[in-house]
Every structure is written in structure tokens, then in C-alpha cells.
Amino acid sequence: MKVKNTVTLFEFGYITNDRKANEHDHIQVISDNAYLYLKGMCLSDERERNLLKLKSVQGMEVLQVQNYAGVLFTPDGTQLEILPKIGKNRSASKKAEEDARQSLLIMLKALKGFQHIQTSNANIVSRKMPLLEVFISQFLQSVNALVKRGLRSDYVPKEDNLAFLKGKLNVGKQLRHNFINKHKFYCEYDEFLLDRPANRLIHAALMKVNGVVRSAENQKLLQELMFVFHDVPVSLNHKHDFSLVALGRGMYHYELPLAWVKLILDGFSPQTMKGDHHAASLLFPMERVFEDYVAQSLSKTLKQTHRLKAQVQSKSLVTHKGSSWFKLKPDMVIEHNSRVVTVLDTKWKLLDSSKANGTDKYGLSQSDFYQMLAYGHHYFDTEIESPEMFLVYPSHSGFKQAIPHSFDFPIQGEKTLKLWVVPFVISDNDVEKGIQWPENTNVETWTKVT
């Protein structure tokens, strides 16, 4: 098998430098240098062990990527594109990759700092660009639109020894420098230039993506923009220049390019690989991405009388000598008049509706049920007549509809605590996306849609 410089795989996929992997379609081969670099990282640093794990598969040493999606570079230029696992069971691999990539982009919009991502851009759909090229393309397009509207200049203080009088004469330096050269004037003046913090930051971001861009179209546009910013100095202190940026009157069209600039100059990612070479990464923990996406989407469907609270931790599992131990932290609760009406927890796992039996149990985890029982026991008031909770999983080809029957926990007296297992459709279409609710629930009491 040919060693590829760009590799696309799904979460929990395998990579190796062992050429025997050409007998196994599910194992990707990368260069020796790239593999040894990644292996060294995961063996030497605890944080990198969360991203990659060393294993033995089919008698070969491999690295298994974990539940992160995004892009990872190695110093030799190898690029790993890791996609969400929701499409990996589909037979049409290329279509599965495209759908998984689009789903990730849609979910990322719920993350702080990524709300400016476009997910319906025709360039993304038609050219099927890798994830990093999608981000670079959107950044370049935003800068190109800014250039077309016109870059803003500013008055920059200057000092120079000129052959003519301009601005204000600096008498002290005039005597010091021009005591003999009577025909010269040492002046202080303001010059109207493109040298302002926002433009310096954009130039710095253009320089940074210049080292990683692969797409011919992106390279062409990048070179055109680099020419436009040729006379603008590159920002040498990003944080200081960002502190000087004011998006006031006449600067609103800088907002989108600068949002991309901040992402690029801050390292492209919430998760960055360490190491001597400081390899770039763009990796997102999928549990957190899915949880934030569900919370943002669900909050928009609630009645005005209800509100969603994420990551609450107001209850504890036990008390011991007057102290509360073991905080209970459901992903989401929905409240009405400060009382919890339902509890929801998201799980970034793939269920299988065809495994509806006592052995496989749809792929559900017993520990998740223990967790939900604890939430239900502590977060619901005793006055709630029919308490219901929801485990929310990503929708995919094997799990499109809610499990039609609830899982019932017997509690006080004749009461039953009901737990529903439901899929969440990831989509740009507001009509299609969201939780696929089962029948016979009280969800209509707190949502605007049934």
C-alpha cells in the first residue's frame, strides 16, 4: 500500500507504519517519521494518551485515534483528518466521509469561538474539501470580502529627517541632527497608512496558513491576498494588537475576518499537541461538541416559561458527617419555576436498533442507567407525578427513531421513573434536526413542538 501524505479516518480508526497493513482496509498506513512522532507523543505525555493509544491489531503495532475529531499534523507534513464516527458503518465510504464532515461543521457552530462557521457554503458541498481546507477557505473568503469593501487605514505617528517641512518640527532633534545640514528638517507628522492592529493581525494569520494550505484554489487566493497586505507589517504581539482593536463605526466588516484570525493565531484548536516540533492540530472532543450542540438546539424549542440549564451540580449522591460527597452533574435539566421537570444526558455513542434483545440491549451501558437513576432520585421533587428522563444519542443509519418503550425504575409507592432513549438528528434544516421524541411522553408540556 502506498504511504499517503493525507489520510482520512473515523474516530477510533487505526494508523500504522507497518506495510503489512495493505491486507486490512480498516488500517491506514502513514510514513515512518509521522508514526514515530505520534507514537513518541502518546508514550511521553499523559494528555496525548487521550488522543492516541498504542495497540496490537492483527499482529501489528498500531495507534488508535480516540474520540476526537478534526485534523492533526506531523512535522513531516502528514495530515490526519479524523471524522465523527456516526458515518463509519455506511457502505458508501466517500458519501459517509462527506456527511460526517458536514455533521461536524454543523455541531461546531455551537462551540464558543466557532459560531461564525458556514455550513451551507456551496464550495464545501461541491468540492468536498477536507476539514482544514474548509476552515482556510472560509477565512480567505472573509478576508477577500473585506478587501473588496476596502481596508481601513489609520493615522500613524512618524518621525523622519526630510528635505521639506511636514507636520511639526522637532526642535531638539533638528539641532542635534541638522546643525550642519541646514537644508534638512527633522519632523513629526501623522501618515494615513494601512498599518493598524486589525490589518497586522490579518497579515499574521495569512502568513500562518501559508504553511499548511494544500488546495490549489486556496493557494491562489492566498497569494493574491498576501500581495494586498504586502505593505502591512505582520503582528508581532497578537494579544496586544487584539486589545487595540475596536470594531466601532466603519469597522463592522472586520468582525468575521477577525473571528477567524483569533482562531488561527490562538492555535486553531481547543486541543494542541505538545512536543519539540509543536505540530499543529485542530481536534475537538466529540462528547463536548455533541453536548453543546444538543443544548443549544434544544433550548430554542422550549416554551418561554421553561429554561434549560447545562452542567448543573446542585445535588450530591450522599452526605457524610454533614458534608455533601460525589456531585451529580447531569448534562442538562429543564426547569419551570425553579423546579426540575426533566433531566437529559447526552452520550456520544452509536446505538443499534436491530439489537433489541436482552443480550445486546441496543448497545446501551448499564453504568449509564445507574447514573440516570441517581439523577432522577435526587433532582426531581416528590410532587412530580410522572417524572421522565432522556438519554440522547446521535442519530445515524442504525438508530433513527426513539426506542418505543421506556425503561422504568420503580420508586416511591406506585410511582415509576421513566427513562427514554432517543436519537438527535444533526442537520442544518431546522425542521429535520433535533430530538426524535417517542410517543406517550409529557414533552409537549415544556416544548413548543411535539
Side-chain angles (χ1 to χ4, degrees), residues 8-14 24-28 57 64-70 81-108 110 119 128 131 284-295 297-298 331-332 344-369 371-372 389-408 418-429 431-441 443:
T8 298
L9 65 162
F10 290 98
E11 288 174 84
F12 300 103
Y14 298 113
H24 308 280
D25 293 337
H26 63 288
I27 303 177
Q28 300 277 10
V57 175
Q64 184 184 39
V65 299
Q66 298 301 296
N67 53 339
Y68 285 77
E81 183 186 31
I82 307 165
L83 298 177
K85 61 189 176 185
I86 54 177
K88 70 178 181 180
N89 293 329
R90 292 174 50 178
S91 56
S93 59
K94 287 299 178 185
K95 184 65 165 61
E97 290 176 7
E98 295 160 19
D99 291 347
R101 189 179 294 121
Q102 180 73 357
S103 296
L104 177 59
L105 289 171
I106 291 170
M107 287 189 286
L108 286 181
T119 55
K128 305 173 178 60
L131 186 64
F284 304 91
M286 288 310 302
E287 290 99 339
R288 177 64 185 276
V289 171
F290 183 58
E291 178 188 330
D292 287 359
Y293 175 66
V294 171
S297 302
L298 182 59
D331 292 337
M332 287 163 268
L344 304 98
D345 220 48
T346 59
K347 301 296 178 184
W348 183 248
K349 300 175 183 177
L350 300 184
L351 296 190
D352 190 343
S353 296
S354 67
K355 296 180 178 179
N357 55 68
T359 303
D360 298 313
K361 300 179 178 65
Y362 303 96
L364 294 166
S365 168
Q366 184 174 340
S367 61
D368 292 339
F369 277 62
Q371 187 181 48
M372 295 304 291
M389 303 181 296
F390 298 87
L391 274 174
V392 185
Y393 294 81
S395 174
H396 64 101
S397 58
F399 183 52
K400 294 183 177 180
Q401 301 295 329
I403 295 177
H405 301 286
S406 63
F407 297 86
D408 301 335
K418 292 183 178 293
L419 173 63
W420 296 94
V421 176
V422 296
F424 192 102
V425 176
I426 301 165
S427 174
D428 249 348
N429 188 323
V431 176
E432 296 177 357
K433 81 173 180 181
I435 295 176
Q436 304 302 294
W437 301 108
E439 298 179 359
N440 305 318
T441 70
V443 64

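Since the model is a prediction, treat every value here as computed from it, not as a measurement.
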| Steps toward side chain to side chain contact (heavy atoms under 4.5 Å, CB included) verdict (Tyr14, Gln28) | CA-CA 6 Å; Tyr14 298 113; Gln28 300 277 10; over 6 Å; no

How long is the straight-line distance from [atom2] of [Y] back to [atom1] of [X], given to the nearest 0.5 Å?
X	Y	atom1	atom2	answer
Asp331	Lys347	CG	NZ	6.5 Å
Leu344	Met372	CG	CE	7.0 Å
Phe407	Asp368	CZ	CG	11.5 Å
Phe369	Leu419	CZ	CG	5.0 Å
Glu11	Gln64	CD	CD	10.5 Å
Met286	Met107	CE	CE	3.5 Å

| message | Ignoring hydrogens and geometry beyond distance, is a side-chain donor-acceptor pair present between Asn429 and Ser427 at under 3.5 Å? | response |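 Per modelled atom types, Asn429 and Ser427 side chains form no pair under 3.5 Å.
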
Work out which heavy atom in [X] is nearest to a heavy atom in [Y]; give both atom names and the distance.
X	Y	result
Ala402	Trp437	CB-C, 4.4 Å
Pro84	Leu104	CG-CB, 3.7 Å
Lys349	Ser365	NZ-CB, 3.8 Å
Phe399	Leu351	CB-O, 3.7 Å
Ser297	Phe424	CB-CZ, 3.6 Å
Val422	Pro438	CG1-CD, 3.6 Å

Measure the shortest side-chain to side-chain distance between [X] and [Y] over non-hydrogen atoms and say whether it is less than 4.5 angstrom.
X	Y	value
Leu364	Val421	yes
Ile426	Ile86	yes
Val392	Asp345	no
Thr441	Trp420	yes

| message | Please check: side-chain N/O of Lys400 versus main-chain N/O of Ser397, any donor-acceptor pairing under 3.5 Å? | response | no

| In chain order, what residues pass the side-chain hydrogen bond (donor to acceptor under 3.5 Å, both in side chains) check against Thr359, with sequence neighbours excluded? |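 Result, side-chain hydrogen bond (donor to acceptor under 3.5 Å, both in side chains) vs Thr359: none returned.
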
| said: side chain to side chain contact (heavy atoms under 4.5 Å, CB included), that's the test. Do Thr346 and Tyr293 meet it? Break it down for me. | reply: CA-CA 10 Å; Thr346 59; Tyr293 175 66; over 6 Å; no

| message | As a quick check of understanding, evaluate side chain to side chain contact (heavy atoms under 4.5 Å, CB included) for Leu9 and Ile82, giving each step before the final call. | response | CA-CA 5 Å; Leu9 65 162; Ile82 307 165; 4.2 Å; yes

| Please walk me through it: do Glu97 and Glu81 pass side chain to side chain contact (heavy atoms under 4.5 Å, CB included)? | CA-CA 10 Å; Glu97 290 176 7; Glu81 183 186 31; 5.8 Å; no

| said: Tell me whether the rings of Phe290 and Trp348 are parallel (<30°), tilted (30 to 60°) or perpendicular (>60°). | reply: tilted

